Amino acid sequence: MSNLQTVLSREQILEQVVSNKKFYNNNQNVEEPNIAAIFSNSDEELLAQIGYKPELKRHFSTLQCFGVAFSIMGLLPSIASMLAQGLIAGPAGCFWGWIISSIFIFTIGISMAENGSSIPTSGGLYYWTNFYAPPKMKTLISYLIGNTNSIALIGVLCSVNYGFAEEILSIVVISKDGDFDITPAKTYGIFVGCVLAHIAITCFSSRNCAQLQTASIVVNLFVITLYIIALPIGARGHYKPASYVFGEFDNLSDWPMGWTQVSASWLPAIWTIGAFDSVIHMSEEVRDAERAIPIGILGSIAACGVLGTGVLMVTFFCIQTDDIQGHLLGSKFGFPMAQIIFDVLGKQWAMAFMALIALAQFLMGASILTAISRQIWAFARDNGLPFSTWIKKVNYKLSVPINAVYFGGFMTIFIGLLSLAGPVAANALFTLYIAGNYVAWTTPTFLRLTVGKSKFKPGKFYLGPFFSPLIGWISSSFCAYSFIMVMFPASIGVTKDTMNYTCVITPSVWILSYIYYYFYAHKFYHGPCKTVDVEGEYLEGIDPNDEVSSEPIGEKISLTDVKVLEKV
């Protein structure tokens, strides 16, 4: 008889759960969401299964969804920004490094596309983490991933706008025939002006932001086409041999040759073909999300991988010097790409090309701030950020989370102060986003392959029970390697001038996030909140701003629709 336990009624269990603020209004902990993407009849029905009511209008088409990622990748501007890193391994090292890392990046895209097709929500990565993680750890892990993804995306905007500032200054240097000094202060000034312009553009209506993606696709393709045509014409008769392009492996660092070929040579593709999770953050604004998300992610990765191979091939065939270290990496223009174009086409064409590249880079920034604002808004919707009540407000007339745009923009300006410490510190702006995003990208996939395997329900895009896990493990392994790789300094002898600040910033984000969560945020953030409107009565809950409150703070939740876990 001692083993007998009182059996509570369903209503009594529900009452005990919702009266505990640890679980209140958390549809992942109080109830098991029944998400069946492949059987949903509409985007709104699927979003309701996930637990959210629609607050943003679906103005984005599949093409524009692709355009968000393709614009952020900004192929030619991004290659221009990272070419110096790749050339450390020599032309062939950079070329083959691009191809190899592009293939690995595509595996990440496949896994993310499967996750996005199954559960398309703007919160994406931290929501999936919460969904697949073990019950006792899901809230904390998802909180850390939400913060990591937010900071990483801000790092993307920092690096994009820093590259834009360098491109603008290179135009000035070319126009003055090298008689102009580039200083960190001048670079940061242009950086700040660019961010402020992006804030203004992104606050336009969601429809205008969608149309901007179409314009960005056209601009990027035009610049790439012009470059591929003009450079060979300008270099006519002075091409490098194929043995140079495909077989010239160098080591212009003090690291061993092998390490340079699998680190510096891979960075151009790893940095350029990134931020494709931006497609995920537009999930609640794109039509037919479970189909459009895989197309947007995989289409943008494939397009940049193939076109980037062509751009690098043309670039290396047209190099007019054998002195990579002195003439290109040590260019007075501060930009190897600017020097290559100048050598081939002359001063006026170099200025024109750098202006077009800068325009495409500027559009990249506008697109990434759009994606940043959606991630920040989604995380604030679940009370994951300080000032969440203010950040998650949406301007329903424009269908834009304007406060999230402000927050993302001004955080970019703040983190961008790192560039004032000099070029080495500024390089951390580039690797910061790689480190943070690769952790955020692989965590939900790793959890889906392990502890959350039984919870995964495929959407319209799925490679099947054999290839899906295989590719998932390959992508997870590559992400782990890339995370470790970008922590290494540029030189073996580490000094304050060669220090890689990424290994400080990224762990600091996790440590500070955990401290903030432990002492304060656990009162507010309990995982994804259920905001979908359902007929029924208000449940009495606890206001997260107070220790005790009887005021209703949740949305309407039907008692009959709540599925309580067997063990509470």
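We use all heavy atoms of the structure for the numbers below, so side chains are in, but hydrogens, waters and symmetry mates are not. Computed from a predicted model, the values in this text were never measured in an experiment.
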Can you pull out every salt bridge (charged side-chain N to carboxylate O under 4.0 Å, His left out) where at least one residue sits in [range]? Sequence neighbours excluded, please.
range	answer
residues 114-124	Glu114-Arg448
residues 339-367	Asp177-Lys347
residues 328-340	none
residues 435-444	none

How many angstroms lie between [atom1] in [X] and [atom2] in [Y], if you round to the nearest 0.5 Å?
X	Y	atom1	atom2	result
Lys186	Asp181	NZ	CG	6.0 Å
Ser101	Met485	OG	CE	8.0 Å
Thr412	Leu157	OG1	CG	4.0 Å
Ile154	Ser159	CD1	OG	12.0 Å
Tyr525	Asn383	OH	CG	9.5 Å
Glu166	Met337	CD	CE	13.0 Å

Q: Without swapping roles, check the side chain of Ser122 against the backbone of His281 for a donor-acceptor pair under 3.5 Å.
A: yes
Q. Donor-acceptor pair, Trp377 side chain versus Lys392 backbone, under 3.5 Å?
A. yes
Cut-off 3.5 Å, side chains only: do [X] and [Y] have a donor facing an acceptor?
X	Y	answer
Thr107	Ser475	no
Thr121	Glu284	yes
Ser111	Asn115	no
Gln213	Ser367	yes
Trp510	Thr148	yes
Tyr126	Asp382	yes

(Q) Does Phe483 have more than 12 heavy atoms from other residues, nucleotides or ligands lying within 6.0 Å of its CZ? (A) yes
(Q) Are more than 12 heavy atoms, taken from residues, nucleotides or ligands other than Arg287, located less than 6.0 Å from that residue's CZ atom? (A) yes
Q: State which residue, out of Tyr406, Phe410, Phe362, fulfils the ring pair (Phe, Tyr, Trp, His ring centres under 6.0 Å) condition with His198.
A: Phe362
Q) For the residue pair Tyr516 and Tyr520, does the interplanar ring angle fall in the parallel (under 30°), tilted (30 to 60°) or perpendicular (over 60°) class? A) tilted
Q: On the 0 to 90° scale, with breaks at 30° and 60°, tag the Tyr481-Trp266 ring pair as parallel, tilted or perpendicular.
A: perpendicular
ring-ring contact (aromatic ring centres under 6.0 Å, His included) involving [X] - partner list, sequence neighbours excluded:
X	answer
Phe407	none
Trp128	none
Phe180	none

Q: Give the minimum heavy-atom separation between Leu83 and Ile340, together with the two atoms involved.
A: CD2-CD1, 3.8 Å
Quick check: do [X] and [Y] have side-chain heavy atoms less than 4.5 Å from each other?
X	Y	value
Thr443	Leu125	no
Ser78	Met364	yes
Ile413	Leu196	yes
Leu356	Tyr227	no

For [X], all residues meeting side-chain contact (heavy atoms from CB on, under 4.5 Å), sequence neighbours excluded:
X	result
Thr442	Ser476, Cys479
Ser508	Val504
Pro54	Glu44, Leu47
Ser117	Glu290, Pro294, Lys460, Phe461

Give the table of side-chain donor-acceptor pairs shorter than 3.5 Å for residues 300-308, with sequence neighbours excluded, one pair per line with atom names and distance.
from	atom 1	to	atom 2	distance (Å)
Ser300	OG	Gly296	O	2.8
Ser300	OG	Ile297	O	2.9

**Q.** Ring-face cation of Arg381 near Tyr52 (centre distance under 6.0 Å, axis angle within 45°)
**A.** yes
Q. Between Glu285 and Arg374, does at least one N-O distance fall below 4.0 Å, as a salt bridge requires?
A. yes
